[in-house]
Amino acid sequence: MKIICVGRNYAKHIEELNNERPKDPVLFIKPDSAVLPDKNPLYLPPIANEFHYEVELVVKINKIGKFISQEFAHRYYDEIGLGIDITARDLQNELKSKGLPWEKAKAFHNSAVVSKHFIDKNRFEDLNNINFYLKKNGKIVQEGNTHQMLWKIDELIAYISKFFMLKKGDLIFTGTPEGVGKMDIDDEFTGFIENKEMFKIRVK
Ligand code: MG
């Protein structure tokens, strides 16, 4: 299993980090070892000083495929979940400034929070109108809706599968809306899709 993450998929998040709006989706991979085990507290590794949360809608792939056309992309997923793409921001900025790959800042142990449960996609009236949000210590810090995505789920699957063969169980992190910020020890994060709590984690 692998995680394919999409960077810069929400215009306001691109602005808040002063990034350039990309011509094509920005992609990177997290290995299966990045997934935070269920119920574990989140221990941030001693590799950076500043860790950021990025709440993202997560699509679970249900079968193998490559070069999937956008028209048939909907056949490759049944379920939607929620996750946090944890980012070692100071390390990422250092790597970016040197033109180096981001992996060390993005793919480390416990860098992927993934909800235990996923929601059947047929329970949503419109996949391009799903609300999700993240609370930090009980206060909403990020809110997004899939209609704000620069590339929608089916477009992402078509694009990603040109480069990476998708396999059953792979997860696509579809990008974060604005409002990213710091994670500190003792912070508690709860993630919601349409008012359904999807995960709760505490930083240790
Ligand atoms: Mg992200």
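All values derive from a computational prediction rather than experimental measurement. By convention here, the first residue in the shown sequence is residue 1. Just so you know, ligand 1 is whichever comes first in the structure, and atom 1 is the first atom listed for that ligand.
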Check your understanding: What are the two closest heavy atoms between Leu166 and Ser161, and how far apart are they?
Key ->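 Of all heavy-atom pairs spanning Leu166 and Ser161, the closest is CD1-CB, 4.1 Å.
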We want to know whether [X] and [Y] form a side-chain donor-acceptor pair, criterion being a heavy-atom distance below 3.5 angstrom.
| X | Y | value |
| --- | --- | --- |
| Asp154 | Tyr159 | no |
| Glu15 | His13 | no |
| Thr190 | Lys200 | no |

Please name the atom of [X], restricted to N, O or S, that is closest to the Mg ion (ligand 1).
| X | result |
| --- | --- |
| Glu54 | OE1 |
| Asp85 | OD2 |
| Glu56 | OE2 |

